[in-house]
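Here is the structure we will look at, set down as structure tokens.
In the text below, chain A, chain B and the rest are named by the order of the sequence lines, each starting its count at 1. All heavy atoms count here, side chains included; hydrogens, waters and symmetry mates do not.
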Protein chains: 2
Amino acid sequence: MSARGRPRGFDREEALKRAMSVFWAKGYDGASLTDLTSAMGINSPSLYAAFCSKEALFREAVELYKRTQGTEIWTSLDDAPTARQAIEHFLRKTAISYTTPGMPPGCLIVLGALPESGTNAAACAELREERADNVEQLRRRLERAQAEGELPAGADCRAIAAFYATLQQGMSIQARDGADRDRLMAIAEAGIAAWDGLAGSPSD
Amino acid sequence: MSARGRPRGFDREEALKRAMSVFWAKGYDGASLTDLTSAMGINSPSLYAAFCSKEALFREAVELYKRTQGTEIWTSLDDAPTARQAIEHFLRKTAISYTTPGMPPGCLIVLGALPESGTNAAACAELREERADNVEQLRRRLERAQAEGELPAGADCRAIAAFYATLQQGMSIQARDGADRDRLMAIAEAGIAAWDGLAGSPSD
DNA sequence: GGTATTGTATACCGATCAATACAGAAAAGA
DNA sequence: TCTTTTCTGTATTGATCGGTATACAATACC
């Protein structure tokens with residue numbers, strides 16, 4: 001690696017981690033450069049030299065978030081032997097992840113940038129795509145269960161996937177509103193109790 | 001009425017209606033005074049003379065929203081003869097209200113101001129209280145059903161209420177993400193299909 | 001008409017926004 | 001040592017933020 005010139009005086013990964021926390025807590029628009037730089041312990045020129053722009057920094061923060069936060073929510077989807085167990089893990093891990101001590105409540109992907117809410121067209125579009133991806137992951141797991149005979153052929157996997165994704169997104173708002181882990185877990189358990197009604201009798 | 005002085009040159013109610021639309025579409029922080037005044041067709045001094053401040057205008061906009069938008073969602077709660085039918089109406093009216101043509105998708109109460117997301121401590125607190133009120137309304141209806149014997153004595157009304165409120169809040173995000181009425185209705189139907197699992201076997 | 005009262009339009013306030021110009025500091029290569 | 005390269009701190013950019021001072025216009029009361 002060509003390490004010409006003055007070496008960087010801060011840990012890029014650590015600074016990114018702190019930027020992620022700020023975006024997570026305040027959203028893209030709510031996180032000012034002053035918020036970011038003071039949390040990262042650097043000045044704005046250093047931020048722009050290392051991350052190009054607020055938007056690029058946000059993109060990297062989202063990548064870091066996906067890589068490090070609540071990963072078990074999605075890995076357990078495919079690992080669980082049945083779709084029912086997959087959904088159980090999905091909801092319970094969500095309840096736990098959204099109330100991690102020392103971390104902002106709720107999910108960066110869900111709360112980080114609502115569409116049409118600000119100047120952040122790119123950030124909005126990126127998060128919306130992530131959310132759409134999440135619904136797809138759920139749908140694929142349910143269709144697998146359908147192929148394996150766990151779900152009846154008539155089950156509307158698309159609707160059930162949207163249902164659980166919607167519930168999870170609502171849990172972000174609940175967490176942000178102050179719901180503690182027990183309260184979130186009770187919602188998760190209700191979602192699990194809902195499974196039989198959904199898997200058994202698909203809506204017409 | 002003391003109509004001393006120069007009469008107001010615009011319709012206050014109409015201007016408030018337009019302000020509500022702007023807040024609804026962009027949220028408290030996302031709605032700039034320029035957005036508001038240009039939508040309302042007035043200049044900022046007129047806005048401040050009529051509504052005192054952005055925060056007070058937002059408060060009035062929220063009141064107007066509660067008074068005019070999706071009222072059937074909540075009136076049908078008490079009107080429906082059974083809790084099951086109440087929840088059916090609740091979810092279906094939500095799907096319809098959140099995708100009203102010509103109106104911003106989703107709900108102002110849910111999307112208007114996320115906690116910790118900006119400079120709007122008062123606006124956040126107000127909306128959070130509204131959301132908590134909504135959960136309470138659901139809980140009261142379920143407890144009534146419990147008293148009437150529709151729900152078993154062991155049912156966790158608080159958890160079921162939180163579950164449906166959470167689902168509804170998630171539907172706001174789905175709507176804002178572009179889900180059309182059919183898609184939202186499919187989620188609502190899934191929520192209805194979930195009822196039996198919830199009402200029959202309360203989570204331990 | 002004259003005065004008091006109230007609304008409107010223009011132009012502006014200090015603060016903050018995201019983003020940079022610039023100069024000095026710290027390293028590598030010659 | 002000297003040049004080149006890159007990073008850092010200070011100070012600043014133009015734009016926009018929510019909110020107003022001021023002058024003028026339009027009405028009611030007298």
Side-chain angles (χ1 to χ4, degrees), chain A residues 1-16 18-20 22-23 25-61 112-113 116-124 126, chain B residues 1-16 18-19 22-23 25-62 112-113 116-124 126:
Chain A
M1 287 300 147
S2 65
R4 284 281 288 272
R6 177 173 175 173
R8 181 178 288 130
F10 62 95
D11 183 337
R12 191 183 190 278
E13 200 64 17
E14 174 62 26
L16 177 59
R18 298 194 190 184
M20 178 189 74
V22 175
F23 281 129
K26 303 194 163 199
Y28 182 88
D29 282 317
S32 71
L33 280 189
T34 305
D35 292 332
L36 290 164
T37 53
S38 64
M40 298 163 85
I42 60 178
N43 295 110
S44 38
S46 298
L47 188 156
Y48 279 87
F51 300 100
C52 290
S53 68
K54 183 186 179 184
E55 195 178 306
L57 175 61
F58 181 74
R59 215 173 305 131
E60 280 204 56
E116 316 278 345
S117 286
T119 55
N120 45 27
C124 285
E126 187 191 349
Chain B
M1 290 297 148
S2 67
R4 284 281 285 272
R6 179 173 173 175
R8 180 178 288 129
F10 62 95
D11 182 338
R12 192 184 190 277
E13 199 63 16
E14 174 62 26
L16 176 59
R18 298 194 190 184
V22 175
F23 281 128
K26 303 194 161 198
Y28 181 89
D29 282 319
S32 71
L33 280 188
T34 306
D35 292 330
L36 291 165
T37 52
S38 64
M40 298 163 84
I42 61 177
N43 295 110
S44 38
S46 298
L47 189 155
Y48 280 87
F51 301 99
C52 289
S53 68
K54 185 186 178 183
E55 196 178 303
L57 174 62
F58 181 75
R59 214 173 306 130
E60 279 205 55
V62 171
E116 315 280 344
S117 285
T119 53
N120 44 26
C124 285
E126 186 190 349

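- Counting non-hydrogen atoms under 4.0 angstrom, A/Pro45 reaches a base of the nucleic acid.
- Side-chain nitrogen and oxygen atoms of B/Ser53 include none within less than 4.0 Å of the OP1 or OP2 phosphate oxygen of D/dG19.
- The environment of NZ in B/Lys54 is crowded: more than 12 heavy-atom neighbours from other residues, nucleotides or ligands sit within 6.0 Å.
- Atom-to-atom, CZ of A/Phe58 to P of C/dA19 comes out at 14 Å; the value is rounded to the nearest Å.
- Taking all atoms of both residues into account, the shortest heavy-atom contact from A/Thr37 to A/Thr34 is OG1-O, 3.3 Å.
- Atom CD1 of B/Ile42 is separated from atom C1' of D/dA25 by 17 Å (rounded to the nearest Å).
- Rounding to whole angstrom units, CZ of residue B/Phe23 and C1' of D/dG18 are separated by 11 Å.
- Remark: P of C/dA19 and CZ of A/Phe51 are 14 Å apart, rounded to the nearest angstrom.
- The closest side-chain heavy-atom distance from B/Met40 to B/Phe10 is not below 4.5 Å.
- Nearest nucleotide to the B/Ser44 side chain, out of C/dA25, C/dT20, D/dT20: D/dT20.
- For the pair A/Tyr48 OH and C/dC17 P, the computed distance is 12 Å after rounding to whole Å.
- Contact annotation: B/Ser46 side-chain N/O to C/dT8 OP1/OP2 distance is under 4.0 Å.
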Passes side-chain hydrogen bond (donor to acceptor under 3.5 Å, both in side chains), B/Ser46 versus B/Asn43? Steps please.
CA-CA 6 Å; B/Ser46 298; B/Asn43 295 110; 5.7 Å; no

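- Close to C/dC17, at under 4.0 Å from its OP1 or OP2, lies a side-chain N or O of A/Ser32.
- Between C/dA26, C/dT8, D/dC7, one nucleotide has an atom nearer to the side chain of A/Arg8 than all others, and that is D/dC7.
- Listed here is the closest heavy atom pair of B/Ser53 and B/Tyr48: CA-CE2, 3.6 Å.
- Between C/dT8, C/dA18, C/dG29, one nucleotide has an atom nearer to the side chain of B/Arg6 than all others, and that is C/dT8.
- Listed nucleotides: D/dG19, C/dA19, C/dG29. Nearest to the side chain of B/Leu33: D/dG19.
- Look at A/Asn43 and you'll find a side-chain N or O under 4.0 angstrom from OP1 or OP2 of D/dG9.
- Nearest-nucleotide mapping onto DNA chain D: of B/Gly5 and B/Ala31, the residue sitting toward the 5' end is B/Ala31.
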